[in-house]
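A quick write-up on the structure given underneath.
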Amino acid sequence: MFKQLRKANQNDYLLITATLILLVVFNLSLLSYVQGEQKAAERNQAQALETGFSRTLKGEIKNALTLSTTLKELVLASDGKVDNFSTVAQQPAAGA
């Protein structure tokens, strides 16, 4: 009878050990998945910031080119002499 109890106890220990190993493996897998999701979310956020910055920069470049073109046309139209430059510089550009 004691041999049967001792054998049952060994089987219980094996079952407990196997359960603990499976629990550790599951926890490591879950941790890896959560970290991967966090990294993906960080990449998406960084990409969104880059896209927003790119759009802002594109708009600023477009505004600068519009102002430069306006100044060029003003200088060409007046044969290089801009007598009222301070007045023209204070007026908002028509395209802006």
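Scope of the values below: all heavy atoms of this structure, side chains included, with no hydrogens, waters or symmetry mates. From a predicted model like this one, the values you see are computed outputs, not experimental measurements.
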Without placing hydrogens or testing angles, list every side-chain donor-acceptor pair under 3.5 Å for residues 16-34, not counting sequence neighbours.
unit_1 : atom_1 : unit_2 : atom_2 : d
T17    : OG1    : Y13    : O      : 2.7
T19    : OG1    : L15    : O      : 2.7
N27    : ND2    : L23    : O      : 3.4
S29    : OG     : V25    : O      : 3.0

List the atom pairs, donor and acceptor, that lie under 3.5 Å between side-chain atoms in residues 35-60 and the rest of the protein, sequence neighbours left out.
unit_1 : atom_1 : unit_2 : atom_2 : d
N44    : ND2    : A40    : O      : 3.4
T51    : OG1    : Q47    : O      : 2.9
T56    : OG1    : G52    : O      : 3.0

To the nearest 0.5 angstrom, please state how far the OG1 atom of T70 sits from the CG atom of L65.
10.5 Å

